[in-house]
Amino acid sequence: MTVSIEIGQVNSGGPAVLDLEELLATRLLVQGNSGSGKSHLLRRLLEQSAPWVQQAIIDPEGDFVTLAEHFGHLVINAEDHTERALQVAGERARQHRVSAVLNLEGLDAENQMRRAAAFLDGMFNTARDHWYPMLVVVDEAQLFAPAVAGEVSDEARKLSLGAMTNLMCRGRKRGLAGIIATQRLAKLAKNVAAEASNFLMGRTFLDIDMARAADLLGMERRQAEAFRDLERGQFMALGPALSRRPLGMRIGPTQTHPRSGTPKLMPLPEAALEDARAVILAEPPPETSNRPQRRTPAPDLLSQLMAAKSAAIEAAPEPEATPLSDEEITQRRERLDRILTAILAEPDAGFRAIGVLYQEFVVRCRIEGLAAAVPDMTEFRRMLTHARAGLTAEMAADTAWQDVTLRASILPEDMQGVFMVIARAAKEGWPCPGDAALARAYGTHSLRRARRLLTYIEEQGLIVCQTDGAGRRIVTLVELAWATAPGDPNAPDDAPLEDERRAASA
Ligand SMILES: Nc1ncnc2c1ncn2[C@@H]1O[C@H](COP(=O)(O)OP(=O)(O)OP(=O)(O)O)[C@@H](O)[C@H]1O
Ligand SMILES: [Mg+2]
């Protein structure tokens, strides 16, 4: 049995059908100038196929969020989520087979690219068990797979282009069928366009786009001139899921509508404004918001040092001519550890922002003549997580601890330290740290937040929390089966004591 949907009427009369199963294998490219009816076409296709197949829509303008009302698509407002969260969301959407609209409205080009890439990447990299067929519609595809470098960073472009290439070139095996629409074929990366075997060509004015469309369709360029005369909603179709020969068709109506239609002409108000000049050009009202003026901080020692550091790195990409011996590396690591421990021993260090801690760390390293060995921010974060859990570099190199670190990495960065603190207590058989100690490891004074955090980590399947008869808490690490001794959740945070213990065990 084949599943076909009706997308409209062919010019000679009769239904224009699209073979969905064939489409899954052969992908679709839609092109047409602004207003030619591409988004309408995509909407018709999505509505008709919604009962048959899971869908995801990459929606730069937020046009498709209205599908949610009739068809139950989950609307994901990309603005509200990190790239990591969107990647996971992409994966989960496939696991749970939920149709979704990724609304990228309101983001700048760079962030649209990054977040779309993250979401696509999540869908692409889902485990084999979940490779069910799915339509992935990308409207304004030239934004995500541009033919030439634009103003966005190289990294964003690479991520986004990579995700689009994966979708169109390697998606089929994984059940992903790419459907992409663009205003300007010439602006779309060639390799992405070339992977579609089905085409729907709408009204096109520019010669360069017409020429590329003719090439893709295998038509004479002169024949392609006809694209100029197409009306809104009319398309020329070709491809295994559509028609073996170029076939003119008109796209049918849709049940849902874009949030904002084309502005309609409205009669002007009857009564003319009495004094247009006075009203339109009246003094602007005073700025109401007392937005804080952006202050540039006076250049201070720290920022100068930071600047000097990056300049030095740029100027001398390989600061070390002779490689260090293992012993020297160990020594150096120990010195860096000592510097970090000293910083963390300061009262309130637990509540300082990581950027501030890093700056201080950089300065102290320079003072100790370790400028060339200053780790970058990523490495510093890792050191900090370990240090907060009282792990020495030597212990951290232990395979059991590497396993713990790996598990911790599924948590948001700021929670990893808390997990490590618990893991340390469990490994050593110490009493479970109290809420106050956990709060400090998280950099907060709120005990409630510390408890919520524990629940969260438990929900992620990393730990199991139990309470003994005396109301003391026991935390067991999942799989490793290390368990803390029972500890009083209300125990005061005895940071100094802990430091002593560290000193003793070091
Ligand atoms: N087949 C159709 N039947 C009825 N109305 C249509 C049809 N196609 C398009 N329209 C209407 O024409 C207008 C423009 O269509 P649409 O938004 O789909 O254009 P587009 O090609 O996506 O343009 P852009 O590239 O600027 O996004 C919309 O108001 C849409 O509802
Ligand atoms: Mg559109």
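Indexing begins at 1, ligand by ligand and atom by atom, following the structure's order.
Annotation: G32 places no N or O atom under 3.5 Å from an N or O atom of ligand 1; distance criterion only. In terms of polar-atom proximity, defined here as any N/O pair under 3.5 Å, G37 does make such a contact with ligand 1. Backbone and side-chain nitrogen or oxygen atoms of I251 are examined, and one is located within less than 3.5 angstrom of a nitrogen or oxygen of ligand 1.
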**Message:** Go through it in stages, so that I can follow the logic: the residues are E83 and R115, the test is salt bridge (charged side-chain N to carboxylate O under 4.0 Å, His left out), and I'd like the CA-CA distance, side-chain angles, deciding distance and then a yes or no.
**Reply:** CA-CA 5 Å; E83 283 165 51; R115 290 179 200 206; 5.2 Å; no
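Heavy-atom contacts of E140 reach the following atoms of ligand 1: 27 (O) (cutoff under 4.0 Å). Per-residue contacts place N33 under 4.0 angstrom from the following atoms of ligand 1 (heavy atoms of the residue considered): 21 (O).
Between R407 and D403, at least one side-chain N (NZ, or NE/NH1/NH2) sits under 4.0 Å from a carboxylate O, which counts as a salt bridge. Between R382 and E379, at least one side-chain N (NZ, or NE/NH1/NH2) sits under 4.0 Å from a carboxylate O, which counts as a salt bridge. Remark: D209 does not engage R203 in a salt bridge, criterion side-chain N to carboxylate O under 4.0 Å. Using a 4.0 Å cut-off between a side-chain N of Lys or Arg and a carboxylate O of Asp or Glu, R250 and E231 qualify as a salt bridge.
For the Mg ion (ligand 2), the count of nearby protein N, O or S atoms, meaning those under 2.8 Å away, is 1.
The option with the heavy atom closest to atom 17 (O) of ligand 1, from among S39, S36, S34, G252, is S39. If you check each of G8, P60, A181, G35 against atom 23 (O) of ligand 1, the one with the closest non-hydrogen atom is G35.
M236 pairs by the side-chain contact (heavy atoms from CB on, under 4.5 Å) definition with M201, F227, P246, not counting sequence neighbours. The side-chain contact (heavy atoms from CB on, under 4.5 Å) test applied to I208 returns R184, A186, L206, not counting sequence neighbours.
Sorted by first and then second residue, the side chain to side chain donor-acceptor pair (under 3.5 Å) pairs with a member in residues 455-464 form an empty list; sequence neighbours excluded.
Q255 has its side chain within reach of E47: a pair of non-hydrogen atoms, C-beta onward, lies under 4.5 Å apart. Side-chain contact between L242 and L18 is present, with heavy atoms from C-beta onward closer than 4.5 Å. Within the 4.5 Å cutoff, the side chain of D19 has no heavy atoms near those of the I5 side chain.
Look at L42 and you'll find every heavy atom at least 4.0 Å from all atoms of ligand 1. Using 4.0 Å as the threshold, Q234 has no heavy atom nearer than that to any atom of ligand 1.
Residue contacts with ligand 1, taken as heavy atom pairs separated by less than 4.0 Å, involve R232 solely via side-chain atoms from C-beta onward. If you look at L41 next to ligand 1, there are no close heavy atoms at all, none under 4.0 Å. Of the heavy atoms in R44, none comes closer than 4.0 Å to ligand 1. Only the side chain of Q183 comes within 4.0 Å of ligand 1, counting heavy atoms alone; its backbone N, CA, C and O stay farther away.
Remark: the E225 side chain and the Q223 side chain contain no N/O donor-acceptor pair separated by less than 3.5 Å.
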